[in-house]
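Just below is one structure, and these are the notes that go with it.
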Amino acid sequence: MVQYKDGNIYMKVVYYGMGGSGKTTILKTLYQLTKDGKREIVPVSELQQIDRTSGATLYFDRGIFQSKKEKKIYYRVYTVAGQKSFSQLRTKVFNNLDAETDTVIFVVDSQTKFFEDNIEFLLELKNLTNDKLIKNIPFIIMLNKQDLKEVINDNDLIQILKQENLWYDPNHQLNRWNPLIYKTCALIDQEKDIYRSFYEAARRTGLYHIYGDGEAPIDKRFSDPSILTM
Ligand SMILES: Nc1nc2c(ncn2[C@@H]2O[C@H](COP(=O)(O)OP(=O)(O)O)[C@@H](O)[C@H]2O)c(=O)[nH]1
Ligand SMILES: [Mg+2]
């Protein structure tokens with residue numbers, strides 16, 4: 001989070017995941033869904049894209065959005081390049097570009113055949129965040145491409161999250177900050193939960209910073225969805 005002298009606050013949200021999982025498509029769809037200004041969060045500029053001729057994200061995509069109600073709150077939203085060999089670039093986008101990352105939206109390609117590849121990226125992310133996921137960095141997961149056949153479901157992933165200590169038991173105080181898992185489709189004509197997942201990421205970012213001083217707030221009041229609307 002960066003706060004400027006004029007009081008404007010910039011939150012950094014990163015879509016992370018394997019190449020081809022749909023990150024760029026998600027950001028474009030989010031832009032399309034919000035640009036008419038009828039939602040709580042609106043884009044304040046065109047999307048910036050740095051593509052290869054093949055269409056793959058070379059470096060990153062970026063969009064800047066603003067909360068309509070809290071006009072001083074902006075979201076700088078990035079996607080990372082998903083090619084395996086670009087691990088260093090991902091680290092840079094994650095840690096150095098504009099600021100440290102406040103919130104991660106992990107994008108899974110739900111096709112069963114990519115299960116292992118997704119896990120590899122999840123482990124890379126865990127490593128990159130030094131165990132700050134959930135505790136300091138709100139964590140949202142999108143099981144994208146749910147419109148396709150032979151896709152994984154929540155439980156397949158939750159099993160891995162448990163193994164990796166990224167899923168807390170019901171009696172743990174961080175349990176209610178376990179990652180929200182959305183089954184999404186990013187294609188604009190069949191779009192599902194693209195705005196909702198982003199909105200929830202934005203809301204959690206606000207809760208961690210405003211009520212938790214950069215950590216998951218443990219007071220029960222703050223898990224009530226009505227407590228903070230952005
Ligand atoms: N069927 C389907 N295809 C998708 C979905 N999201 C993205 N795609 C397609 O998957 C391919 C890779 O998407 P892209 O956004 O470039 O992935 P990125 O590498 O994560 O940025 C493109 O052909 C997209 O049209 C989805 O929800 N369903
Ligand atoms: Mg991309």
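Along the sequence shown, residues are numbered consecutively beginning with 1.
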### Query
So, Lys145 side chain and Gln111 main chain: donor-acceptor pair closer than 3.5 Å or not?
no

### Task
Classify the angle between the aromatic ring planes of Phe106 and Tyr16 as parallel (below 30°), tilted (30 to 60°) or perpendicular (above 60°).
parallel

#### Entry: Reported CG-to-CG distance for the pair Leu89 and Asn96, which is rounded to 0.5 angstrom
11.0 Å

### Task
Test Tyr78 against every option in Arg62, Gln48, Lys23 by the side chain to side chain donor-acceptor pair (under 3.5 Å) rule and name the one that passes.
Arg62

### Message
Whether the side chain of Arg204 engages the backbone of Thr103 through a donor-acceptor N/O pair (distance < 3.5 Å, no angle test) should be reported.
### Response
no

### Nearest heavy atoms of Tyr208 and Pro217, plus distance in Å
CD1-CD, 3.9 Å

### Query
Is it the case that more than 12 heavy atoms not belonging to Gln88 sit under 6.0 Å from its CD atom?
no

### same_hphob_cluster(Phe115, Leu148) at 4.5 Å side-chain heavy-atom cutoff
no

### Message
Does Lys72 have more than 12 heavy atoms from other residues, nucleotides or ligands lying within 6.0 Å of its NZ?
### Response
yes

### Query
Mind checking whether Leu33 and Phe198 have side chains closer than 4.5 Å, heavy atoms only?
no

### Summary
Test side-chain contact (heavy atoms from CB on, under 4.5 Å), reference Thr29, set Thr25, Leu27, Ile26, output is Thr25

### Query
Can you find a pair of side-chain heavy atoms, one from Phe94 and one from Leu125, that are under 4.5 Å apart?
yes

### Task
Report the distance from atom OG of Ser45 to atom CZ of Arg76, rounding to the nearest 0.5 Å.
10.5 Å

### Spacing of Glu124 atom CD and Met18 atom CE [to the nearest 0.5 Å]
12.0 Å

#### Entry: side chain to side chain contact (heavy atoms under 4.5 Å, CB included) between Asp117 and Asp109, intermediate numbers included
CA-CA 9 Å; Asp117 297 282; Asp109 187 325; over 6 Å; no

### Task
Indicate the atoms forming the closest heavy-atom contact of Thr101 with Lys12, along with that distance.
OG1-CE, 3.6 Å

### Query
Which heavy atom in Gly22 sits nearest to a heavy atom in Ala186, and how many Å separate them?
O-CB, 4.5 Å

### Task
Compare all side-chain heavy atoms of Asp61 with those of Leu47 and state whether any distance is below 4.5 angstrom.
no

### Task
Go through the steps to decide whether Ile119 and Leu157 satisfy the test side chain to side chain contact (heavy atoms under 4.5 Å, CB included), and finish with yes or no.
CA-CA 9 Å; Ile119 303 310; Leu157 194 72; 4.3 Å; yes

### Ile41 vs Tyr195 side-chain heavy atoms within contact, under 4.5 Å
yes

### Message
Within the 4.5 Å heavy-atom criterion, are Ile9 and Met1 side-chain neighbours or not?
### Response
yes

### Task
Decide if atom NZ of Lys132 counts as having more than 12 heavy atoms of other residues, nucleotides or ligands within a radius under 6.0 Å.
no

### Query
Judged by atom type as modelled, is there a donor-acceptor pair below 3.5 Å linking the side chain of Arg90 to the main-chain atoms of Gln83?
yes

### Task
Could you tell me the separation between the CD1 atom of Ile188 and the CD atom of Gln190, rounded to the nearest 0.5 Å?
11.0 Å

### Query
Does Asn8 use its side chain to pair, donor to acceptor, with the backbone of Tyr4 at less than 3.5 Å?
no

### Task
Under the side chain to side chain contact (heavy atoms under 4.5 Å, CB included) rule, what do Phe86 and Val80 come out as? Steps first, then yes or no, please.
CA-CA 9 Å; Phe86 285 11; Val80 296; over 6 Å; no

### Message
Using the rule that Ile, Leu, Val, Met, Phe, Trp and Tyr join whenever any side-chain heavy atoms are under 4.5 Å apart, tell me whether Ile194 and Leu187 fall into a single cluster.
### Response
no

#### Entry: Within 6.0 angstrom of Glu164 CD, more than 12 heavy atoms from elsewhere
yes

#### Entry: Leu128 and Asn95: CA distance, side-chain angles, deciding distance, side chain to side chain contact (heavy atoms under 4.5 Å, CB included) verdict
CA-CA 9 Å; Leu128 191 59; Asn95 289 330; 4.2 Å; yes

### Message
Whether the side chain of Thr79 engages the backbone of Thr24 through a donor-acceptor N/O pair (distance < 3.5 Å, no angle test) should be reported.
### Response
no

### Query
Taking a hydrophobic cluster as the set of Ile, Leu, Val, Met, Phe, Trp and Tyr residues connected by side-chain heavy atoms closer than 4.5 Å, whether directly or through intermediates, do Leu166 and Ile152 fall within one such cluster?
yes

### Query
Between the side chain of Asn178 and the main-chain N/O of Asn175, is any donor-acceptor distance below 3.5 Å?
yes

### Atom of Met142, atom of Ser197 and distance for their closest heavy-atom approach
CE-OG, 3.5 Å

### Message
Are the side chains of Leu161 and Ile141 in contact, using a 4.5 Å heavy-atom criterion?
### Response
yes

### Task
Assess the side chains of Tyr31 and Glu46: does a donor N or O sit below 3.5 Å from an acceptor N or O?
yes

### Hydrophobic cluster membership, Tyr10 vs Val14, 4.5 Å side-chain cutoff
no

### Query
Would you call Asn153 and Lys183 a side-chain contact if the rule is heavy atoms closer than 4.5 Å?
yes

### Query
With the 4.5 Å side-chain cut-off for hydrophobic clustering, are Tyr75 and Val2 part of the same group?
no

### Tyr182: partners by ring pair (Phe, Tyr, Trp, His ring centres under 6.0 Å), with sequence neighbours left out
none

### Query
Looking at OG1 of Thr205 and CD1 of Ile210, how far apart are the two atoms once the value is rounded to the nearest 0.5 Å?
9.5 Å

### Task
Quick one: list whatever passes ring pair (Phe, Tyr, Trp, His ring centres under 6.0 Å) with Phe139, sequence neighbours left out.
none

### Message
Tell me whether Asp169 contacts the main-chain N or O of Asn171 through its side chain, where contact means a donor paired with an acceptor under 3.5 Å.
### Response
no

### Query
Is a side-chain N or O of Glu191 found less than 3.5 angstrom from the main chain of Asp193, in a donor-acceptor match?
yes

### Query
With no hydrogens and no angle check, do the side chains of Ser21 and Asn144 hold a donor and an acceptor under 3.5 Å apart?
no

#### Entry: Neighbour count >12 (heavy atoms, 6.0 Å) for atom CG, Asp36
yes

### Task
Would you kindly say whether Thr112 and Glu150 are connected by a side-chain donor-acceptor distance under 3.5 Å?
no

### Task
Verify, without hydrogens or angle tests, whether Lys71 (side chain) and Gln66 (backbone) share a donor-acceptor contact under 3.5 angstrom.
no

### Query
Got a sec, which residues hit ring pair (Phe, Tyr, Trp, His ring centres under 6.0 Å) with Tyr15, two or more places apart in sequence or on another chain?
none

### Query
Does Asp102 reach the main-chain N or O of Val13 with its side chain, forming a donor-acceptor pair under 3.5 Å?
no

### Query
Between Lys135 and Tyr168, is any pair of side-chain heavy atoms under 4.5 Å apart?
yes

### Passing option when Val108 is tested against Val151, Thr184, Asn118, Leu122 for side-chain contact (heavy atoms from CB on, under 4.5 Å)
Asn118

### Lys126 to Leu133 - nearest heavy-atom pair and separation
CA-CD1, 4.3 Å

